[in-house]
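Let me begin by presenting the structure, written as structure tokens, before commenting on it.
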Amino acid sequence: MIGFFDRLSRPLLRALDAEDAHTLAVRALRIMPLPRPAADARELAVRAFGLNFPNPLGIAAGFDKNAQVPDALLRLGFGFVEIGTVTPRPQQGNPRPRVFRLEADEAVINRLGFNNDGRATVLARLAARANLAGIVGVNIGANRDSADRTADYVRLIEAFAAVAGYFTVNVSSPNTPGLRNLQQADALDDLLARVLEARDRVVPQAGPTPVLLKIAPDLSLSDLDDLVGVARKRRVDGMIVGNTTVSRPASLRERDKAREQGGLSGRPLFRLSTRMLAETFVRAEGAFPLIGAGGIDSGATAIAKIKAGATLLQLYTGLVFHGIGLVAQIKSDLAAALKRGHRDSLASMVGSDVADITAESWPA
Ligand SMILES: Cc1cc2nc3c(=O)[nH]c(=O)nc-3n(C[C@H](O)[C@H](O)[C@H](O)COP(=O)(O)O)c2cc1C
């Protein structure tokens with residue numbers, strides 16, 4: 001039924017403006033009756049940040065910014081869902097058009113700019129599902145015109161701790177001017193100190209909600225040294241590597257669209273984001289687990305991310321070009337890879353290719 005709907009709707013969605021297609025897809029997920037998915041193979045289960053994931057594949061932030069369809073996404077077979085980015089106050093984002101599909105490249109460029117319904121509305125939606133099973137993480141960000149961006153993150157931690165499976169502190173969106181400066185060591189140290197202090201303060205009411213840091217794939221390696229050093233010192237629970245890139249790989253075929261401002265995601269992001277993942281893995285030295293995101297669109301790319309250091313995975317753009325059947329395909333390819341290697345869990349694969357990847361020339 002889902003597969004049928006998917007095959008029928010994808011050509012239609014692709015004929016629409018990228019943002020309209022997305023709105024329609026979310027609307028369909030809201031009304032479509034979805035059966036409970038088959039239980040995942042036991043060897044796909046992952047334990048990380050104190051949470052038990054039925055499988056390692058999550059949907060990345062940005063698809064369900066306003067927590068309209070987290071349970072539908074779980075029913076599609078994702079092992080976890082990350083909603084957001086949410087900001088304290090509702091925000092319109094940048095003028096349209098602001099999402100562009102690069103068909104020939106299987107890529108997207110977006111400059112949405114944290115359009116979202118704001119804390120109160122999103123919180124009400126998550127509170128309404130609070131008793132349901134499934135891990136729903138909350139990705140948080142600052143309002144564009146905020147006078148104190150750090151205070152925005154702190155307020156969101158306090159507001160959402162009771163309903164969030166985990167938090168992602170997003171300091172890596174390219175579409176809020178200056179936001180990425182929060183990745184610099186001093187600013188990040190202050191931000192993480194205050195965010196983690198807020199998290200610790202609400203533990204008695206909300207429990208110990210893990211806090212992850214999501215970074216850009218565009219950092220220099222010396223910035224990454226500093227950043228991982230701060231993340232380790234402050235004891236974040238994990239990192240997501242990473243967000244969209246402001247770079248434009250030489251391989252892009254849709255040269256006109258490639259000139260649009262914004263963050264690039266999808267297949268052309270795979271090499272850079274996988275390299276940054278491996279570089280982060282080397283620097284984290286096992287202090288916390290990593291979520292690999294960027295260009296996952298097959299079982300092979302999912303396995304490559306795990307071997308580059310990912311304990312968990314997230315995807316978004318791959319769905320646009322391959323449909324929701326991709327979720328089942330990746331999970332079945334992961335299970336087959338485990339069987340072939342006579343392994344009983346994914347954990348033993350994590351980081352196994354890091355030495356080779358970090359020895360390659362830098363992705364152009
Ligand atoms: C249209 C769009 C909107 C996004 N919005 C967000 C967002 O609000 N917050 C965030 O942290 N990442 C956002 N992302 C980035 C994704 O979460 C992900 O990190 C990135 O797209 C790389 O994964 P992919 O190549 O599988 O898409 C967005 C991506 C896309 C394509």
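Whatever order the structure lists ligands and atoms in, that order sets their numbers, starting from 1.
Of the heavy atoms in Leu112, only side-chain atoms (C-beta onward) come closer than 4.0 Å to ligand 1. If you look at Asn170 next to ligand 1, the close heavy atoms, those under 4.0 Å, all belong to the side chain. Only the side chain of Asn110 comes within contact range of ligand 1, with a heavy atom under 4.0 Å; no backbone atom does. The proximity of Lys214 to ligand 1, defined as any non-hydrogen pair under 4.0 Å, is limited to the side chain. Looking at His22 against ligand 1, nothing comes within 4.0 Å, counting heavy atoms. Contacts between Asn139 and ligand 1, counted as non-hydrogen atom pairs separated by less than 4.0 Å, involve the side chain only.
Interface of Leu269 with ligand 1, defined as ligand atoms under 4.0 Å from a residue heavy atom, comprises 22 (C). Taking every heavy atom of Gly294 and a limit of under 4.0 angstrom, the matching atoms of ligand 1 come to 22 (C), 23 (O), 25 (O). Less than 4.0 angstrom separates some heavy atom of Leu315 from each of these atoms of ligand 1: 26 (O). Atoms of ligand 1 found under 4.0 Å from any heavy atom of Gly295, numbered from 1 in the order shown, are 24 (P), 25 (O), 26 (O).
Taking only nitrogen or oxygen atoms, main chain and side chain alike, Thr244 does not reach within less than 3.5 Å of ligand 1. Remark: ligand 1 and Ile296 share no N or O pair separated by less than 3.5 Å (distance only, no angle test). Considering backbone and side-chain N/O atoms, Gly242 comes within less than 3.5 Å of an N/O atom of ligand 1. Taking any N or O of Ala293, backbone or side chain, none lies under 3.5 Å from an N or O belonging to ligand 1.
Checked by atom type and distance alone, the side chain of Asp105 pairs as donor or acceptor with a backbone atom of Arg253 at under 3.5 Å.
At the shortest separation from atom 15 (C) of ligand 1 among protein heavy atoms lies Asn243 OD1, 3.5 Å. At the top of the distance list for atom 8 (O) of ligand 1, counting protein heavy atoms only, stands Lys65 NZ, 2.9 Å. The shortest contact between atom 9 (N) of ligand 1 and any protein heavy atom is with Thr85 OG1, 2.7 Å. The shortest contact between atom 27 (O) of ligand 1 and any protein heavy atom is with Thr317 OG1, 2.6 Å. Looking only at heavy atoms of the protein, atom 31 (C) of ligand 1 is closest to Ser265 OG, 3.4 Å. Remark: minimum distance from atom 1 (C) of ligand 1 to any protein heavy atom is reached at Tyr316 OH, 3.7 Å.
A 6.0 Å sphere centred on CD of Glu103 holds more than 12 heavy atoms belonging to other residues, nucleotides or ligands. Taking a 6.0 Å sphere around CZ of Arg255, one finds it holds more than 12 heavy atoms contributed by other residues, nucleotides or ligands. By the neighbour-count criterion of 12 heavy atoms within 6.0 Å, atom CD of Gln261 is sparsely surrounded, having that number or fewer from other residues, nucleotides or ligands. Other residues, nucleotides and ligands place no more than 12 heavy atoms under 6.0 Å from the CZ atom of Arg144.
When each of Arg201, Arg199, Arg194 is tested with Glu197 by the rule salt bridge (Lys or Arg N to Asp or Glu O under 4.0 Å), just one qualifies, namely Arg201.
A salt bridge links Arg111 with Glu260: at least one charged nitrogen is closer than 4.0 Å to a carboxylate oxygen. In summary, Arg180 and Asp218 engage in a salt bridge, as defined by a charged side-chain N under 4.0 Å from a carboxylate O.
Remark: the Asn170 side chain and the Ser172 side chain contain an N/O donor-acceptor pair separated by less than 3.5 Å. For the 3.5 Å distance criterion, the side chains of Gln91 and Asn143 qualify, holding a donor opposite an acceptor.
The ring pair (Phe, Tyr, Trp, His ring centres under 6.0 Å) check on Phe63 picks up His22, Tyr316, with sequence neighbours excluded.
Residue Phe270 holds its CZ atom at 5.0 Å from NZ of Lys305, rounded to the nearest 0.5 Å.
Ligand 1 is never approached by Ser173 to a heavy-atom distance shorter than 4.0 Å.
Evaluated by nearest non-hydrogen atom to atom 14 (N) of ligand 1, the leading choice among Ser172, Ala61, Gly62 is Ala61.
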Sequence neighbours left out, cut at 3.5 Å: what donor-acceptor pairs do the side chains of residues 332-341 make with other protein atoms?
unit_1 : atom_1 : unit_2 : atom_2 : d
Asp333 : OD1    : Gln329 : NE2    : 3.0
Asp333 : OD2    : Gln329 : NE2    : 3.4

